[in-house]
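This report concerns only the one structure given below.
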Amino acid sequence: MTPRRRTIMTSLLLLLLSLPPISLAYRPGDIVPMSKMSQYHNSRTVWHDVIGKHCPIFAVNREALIPIAKPTGFTGADPVKISFQVGREKFHVPWLFVINRKSSQVPLIDVHLRYSGNDLLGVTAKIVDMPQHYVEIHPDLPKYFWQPESWPKNVLIRYTWEEQSEIDVASGFYVLFASGLMLSFILSIYILESSREKFTRFLQETVAESSMPGDGVAKVE
């Protein structure tokens with residue numbers, strides 16, 4: 001393989017890798033996979049998959065109760081923190097203080113998800129005091145949350161979805177169209193490069209045949 005052809009193949013591969021991954025697309029109602037990690041004092045767990053009924057559902061605003069297991073060696077002296085990875089894209093949510101967060105209110109994990117079409121664009125989350133109307137819906141939640149011997153602690157998590165502007169969607173189509181043009185251009189160069197030797201040989205044979213003298217007949221007088 002010539003250096004020029006190797007360069008073309010490398011450019012083609014890089015362009016294909018830069019195209020949006022179709023396999024990550026979601027449909028409304030799909031469960032968005034999520035995993036969580038917790039930390040207490042200097043002890044940290046590994047990432048654990050969250051079961052489907054506690055996960056976000058694509059483009060659906062909802063609430064769920066997510067259990068927080070009792071950390072090893074828990075004494076109540078330090079706060080318990082959790083972190084999330086959301087979606088197949090693994091959007092990372094930094095540490096959230098859920099237990100012993102120096103507040104007299106039951107916590108609520110408020111998760112904000114942005115999407116466009118069938119794509120998950122980003123995730124943010126924060127801890128807020130649980131609004132009163134949620135306390136009325138879940139009257140037993142505060143009681144068991146504050147009982148020291150009651151584990152796991154069920155914490156309400158709220159998923160709110162925001163659809164991205166159509167302008168950004170149009171920009172994505174422009175990028176995809178430009179990528180397609182570039183791909184076609186690179187393929188055309190590769191095809192021309194592949195047939196270059198055959199074309200050169202054809203020209204050489206044509207010129208050689210046209211320059212050959214014709215069969216002469218001697219003239220006798």
Side-chain angles (χ1 to χ4, degrees), residues 14 16-74 76 78-103 105-131 134 138 141 144-145 151-165 168-169 171-172 175-176:
L14 291 175
L16 292 174
L17 291 176
S18 67
L19 294 177
I22 300 176
S23 61
L24 297 182
Y26 302 90
R27 294 175 298 178
D30 283 352
I31 293 176
V32 179
M34 185 169 71
S35 57
K36 68 181 177 73
M37 171 190 291
S38 62
Q39 177 175 322
Y40 175 73
H41 197 52
N42 293 325
S43 178
R44 179 180 298 182
T45 68
V46 297
W47 289 106
H48 294 284
D49 291 335
V50 177
I51 63 175
K53 66 179 182 180
H54 299 148
C55 292
I57 296 179
F58 190 78
V60 176
N61 296 333
R62 66 187 293 260
E63 297 87 29
L65 287 173
I66 187 166
I68 307 298
K70 184 177 182 178
T72 302
F74 179 79
D78 296 311
V80 177
K81 302 181 291 185
I82 62 172
S83 178
F84 295 106
Q85 285 183 344
V86 184
R88 293 185 285 269
E89 303 85 351
K90 295 188 180 300
F91 289 108
H92 182 254
V93 174
W95 292 111
L96 302 170
F97 291 78
V98 289
I99 300 175
N100 290 350
R101 62 187 184 99
K102 298 181 180 180
S103 174
Q105 302 296 318
V106 176
L108 179 143
I109 306 173
D110 193 14
V111 181
H112 183 81
L113 307 101
R114 296 181 295 107
Y115 74 102
S116 177
N118 295 325
D119 299 320
L120 178 60
L121 303 181
V123 181
T124 58
K126 61 182 178 180
I127 297 292
V128 299
D129 293 339
M130 182 184 295
Y134 285 123
H138 306 278
L141 193 60
Y144 290 110
F145 182 83
W151 290 92
K153 303 292 186 184
N154 289 316
V155 178
L156 190 67
I157 185 168
R158 176 173 61 190
Y159 300 109
T160 304
W161 291 82
E162 177 189 357
E163 186 173 9
Q164 193 74 12
S165 170
D168 293 328
V169 176
S171 299
V175 171
L176 188 61

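Any value given below was found using the heavy atoms of this structure, including those in side chains, with hydrogens, waters and symmetry copies removed.
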Can you tell me how far the [atom1] atom of [X] sits from the [atom2] atom of [Y], to the nearest 0.5 Å?
X    : Y    : atom1 : atom2 : result
K126 : H112 : NZ    : NE2   : 9.5 Å
K153 : K70  : NZ    : NZ    : 9.0 Å
M130 : L108 : CE    : CG    : 5.5 Å
L113 : W161 : CG    : CH2   : 4.5 Å
L141 : L65  : CG    : CG    : 6.0 Å
I82  : I127 : CD1   : CD1   : 6.0 Å

For a quick test of reading the model, state the closest non-hydrogen atom pair linking [X] to [Y] and the distance between them.
X    : Y    : answer
V155 : P107 : CG1-O, 3.9 Å
L121 : S116 : CD1-CB, 3.6 Å
L120 : G87  : CD2-CA, 4.2 Å
F84  : M34  : CD2-SD, 3.9 Å

- Task: Check step by step if side chain to side chain contact (heavy atoms under 4.5 Å, CB included) holds for R158 and T160.
- Result: CA-CA 6 Å; R158 176 173 61 190; T160 304; 4.0 Å; yes
- State which residues pass side-chain contact (heavy atoms from CB on, under 4.5 Å) with A64; sequence neighbours excluded, sorted by chain then number. R62, I157
- Go through the structure and list residues passing side-chain contact (heavy atoms from CB on, under 4.5 Å) with S103, not counting sequence neighbours. R101, Q105, D129
- Task: Could you give me the CA-CA distance, side-chain angles and deciding distance for N100 and F74, then say whether side chain to side chain contact (heavy atoms under 4.5 Å, CB included) is met?
- Result: CA-CA 11 Å; N100 290 350; F74 179 79; 4.1 Å; yes
- Message: Against Y115, only a single residue in Y159, F58, Y26 fulfils ring-ring contact (aromatic ring centres under 6.0 Å, His included); can you say which?
- Response: F58
So, using side chain to side chain donor-acceptor pair (under 3.5 Å) as the criterion, who are the partners of [X] when residues are at least two apart?
X    : result
R114 : none
Y144 : none
Y40  : T75
N154 : none

- Task: May I have all residue pairs that pass side chain to side chain donor-acceptor pair (under 3.5 Å) and include part of residues 47-59, sequence neighbours excluded?
- Result: none
- Task: Among residues two or more places apart or on two chains, list those pairs meeting salt bridge (charged side-chain N to carboxylate O under 4.0 Å, His left out) that have a residue in residues 28-41.
- Result: R27-D30
- Task: Any chance you could lay out the side chain to side chain contact (heavy atoms under 4.5 Å, CB included) test for V32 and C55, step after step, and finish with the verdict?
- Result: CA-CA 6 Å; V32 179; C55 292; 5.7 Å; no
Contacts under 3.5 angstrom, residues 90-97 side chains, donor-acceptor by atom type, not counting sequence neighbours:
unit_1	atom_1	unit_2	atom_2	d
H92	NE2	S83	OG	3.1

- Query: Should the heavy atoms of other residues, nucleotides or ligands under 6.0 Å from CD1 of I31 be counted, would the total exceed 12?
  - Reply: no
